[in-house]
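Everything below concerns the one structure shown next.
For clarity, every value in this text was computed on a predicted model and none was experimentally measured. Heavy-atom basis, side chains included; hydrogens, waters and symmetry copies ignored. Starting from 1, each residue takes its place in the sequence as its number.
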Amino acid sequence: MTGAGDADAAGGVVGIILAGGASRRMGSPKQLLPFRGRPMLEQVARLAARTVPGGLVVVLGHAARRIRAVVDLPAGAVVVVNPDHASGQASSLRTGLDALGPSAAAALILLADQPELPATAVRRVLKRYRETGGPVVRAAYAGMPGHPVVLDRSIWPAVLGGADTDRGAGPVIARHPEWVVSADLDLPPPAEIDTPADYRALRAREPAGPGGEDG
């Protein structure tokens, strides 16, 4: 396992996957639910490793030891555990940002419960960040804001100082619309898998046969 400071060895944008939640509505750790032959968290981590240039940090919390034992993360991924995960998503965001060393220019935030997130969305957000510098670049699916989101380092103090416990950086971003650059996608938003009904619907969309990966 590499140290947290190694995650941004290449500089640039580092991926942070928020995976610390207790999955209360699901009733079991949704990070481990299978989709296309792999746990959901593993699907998101593999996507991040293929598309985010500066490294990957995975923030665990509830059932961290069990999840780490089961999920096969990409080589070089850094795992950090949020000891305050019960307080909400903002604490996991803080844990992830704190794990980044000084060469990280920005963080790209992904959610562990969006296994259908297309690589196209990650690449579009990164492209818009390179073009504009942010400071916030957010995917917009047919005009609907969603993830992933890039947060430039220049606003990390403001984001962390005002992040909402359950909704992470969302309320802070809402108070500063002048920060936001949209990365527009003519795609439906990827579903967040929160409940057993969500998961049943996800499995119903799962292609038959060996699962592929969106390129």
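To the nearest 0.5 Å, atom CG of residue L32 and atom CE of residue M26 are 11.5 Å apart. With rounding to the nearest 0.5 Å, the separation of CG in D72 from CG in L41 is 11.0 Å. In this structure, the separation between CG on D198 and NZ on K30 is 8.0 Å, given to the nearest 0.5 Å. Rounding to the nearest 0.5 angstrom, the gap separating the CG atom in D194 from the CG atom in L111 is 9.5 Å.
Between F35 and I193 there is no side-chain heavy-atom pair separated by less than 4.5 Å. Between Y129 and D152, some side-chain heavy-atom pair lies under the 4.5 Å cut-off. Contact annotation: the side chain of H85 never approaches that of V59 to less than 4.5 Å [non-hydrogen atoms, C-beta and beyond]. Between L18 and I16 the shortest side-chain heavy-atom distance falls below 4.5 Å. Inter-residue side-chain proximity for V149 and V125 is flagged as unmet; no heavy-atom pair is nearer than 4.5 Å. A heavy-atom distance below 4.5 Å is found between the side chains of P53 and L126. Residues L117 and V44 have side chains not in contact (no heavy-atom distance under 4.5 Å, counting atoms from C-beta outward).
Nearest heavy atom pair, residue A158 against residue V172, reads O-CG1, 3.9 Å. Minimum heavy-atom separation, V14 to V52: C-CG1, 3.9 Å. When all heavy atoms are compared, the tightest approach of S87 to D84 is OG-O, 2.8 Å. Considering all non-hydrogen atoms of both residues, V58 and A19 come closest at CG1-CB, 4.5 Å. Minimum heavy-atom separation, P39 to Q31: CB-O, 3.5 Å. Closest non-hydrogen pair, A63 versus P29, comes out as CB-CG, 4.2 Å.
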Tell me, with the steps shown, if L97 and R153 meet side-chain contact (heavy atoms from CB on, under 4.5 Å). CA-CA 9 Å; L97 292 176; R153 189 182 196 101; over 6 Å; no

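For CZ of R205, the number of neighbouring non-hydrogen atoms (other residues, nucleotides, ligands) closer than 6.0 Å is greater than 12. The neighbour count for R25 CZ, taken as heavy atoms of other residues, nucleotides or ligands under 6.0 Å away, does not exceed 12.
Note on L202 and I17: separate hydrophobic clusters, where clusters join Ile, Leu, Val, Met, Phe, Trp and Tyr whose side-chain heavy atoms are under 4.5 Å apart, directly or indirectly. I109 and W156 end up in the same hydrophobic cluster when Ile, Leu, Val, Met, Phe, Trp and Tyr side chains are linked at under 4.5 Å. Criterion: ILVMFWY side-chain heavy atoms under 4.5 Å apart, direct or through other members. Under it, L151 and L100 are part of a common hydrophobic cluster. One hydrophobic cluster, built from ILVMFWY side chains closer than 4.5 Å, cannot hold both V70 and L33; they sit in different ones. M40 and V122 sit in two unconnected hydrophobic clusters of ILVMFWY residues. Membership requires side-chain heavy atoms under 4.5 Å apart, directly or through other members.
At distances below 3.5 Å, at least one donor-acceptor pair connects side-chain atoms of E206 with backbone N or O atoms of R36. Remark: the backbone N or O of P115 is not paired with any side-chain donor or acceptor of Q43 at under 3.5 angstrom. With hydrogens and angles disregarded, no donor-acceptor distance shorter than 3.5 Å links the side chain of T51 to the backbone of A119. The backbone N or O of D113 lies less than 3.5 Å from no partner atom in the side chain of E192, so there is not a single donor-acceptor pair. Y199 places a side-chain N or O within 3.5 Å of a backbone atom of P34 that can act as its donor or acceptor partner.
For the residue pair T95 and D98, no side-chain donor N or O sits within less than 3.5 Å of a side-chain acceptor on the partner.
Evaluation of the ring pair (Phe, Tyr, Trp, His ring centres under 6.0 Å) test over residues 170-196, restricted to residues two or more places apart or in two chains, returns H176-W179. Evaluation of the side-chain hydrogen bond (donor to acceptor under 3.5 Å, both in side chains) test over residues 54-66, restricted to residues two or more places apart or in two chains, returns none.
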Tell me which donor-acceptor pairs under 3.5 Å the side chains of residues 131-141 have, and how far apart each pair is, sequence neighbours excluded?
unit_1 : atom_1 : unit_2 : atom_2 : d
E131   : OE1    : R128   : NH1    : 3.2
E131   : OE2    : K127   : NZ     : 2.5
T132   : OG1    : R128   : O      : 2.8
T132   : OG1    : G134   : N      : 3.1
Y141   : OH     : H147   : O      : 2.6

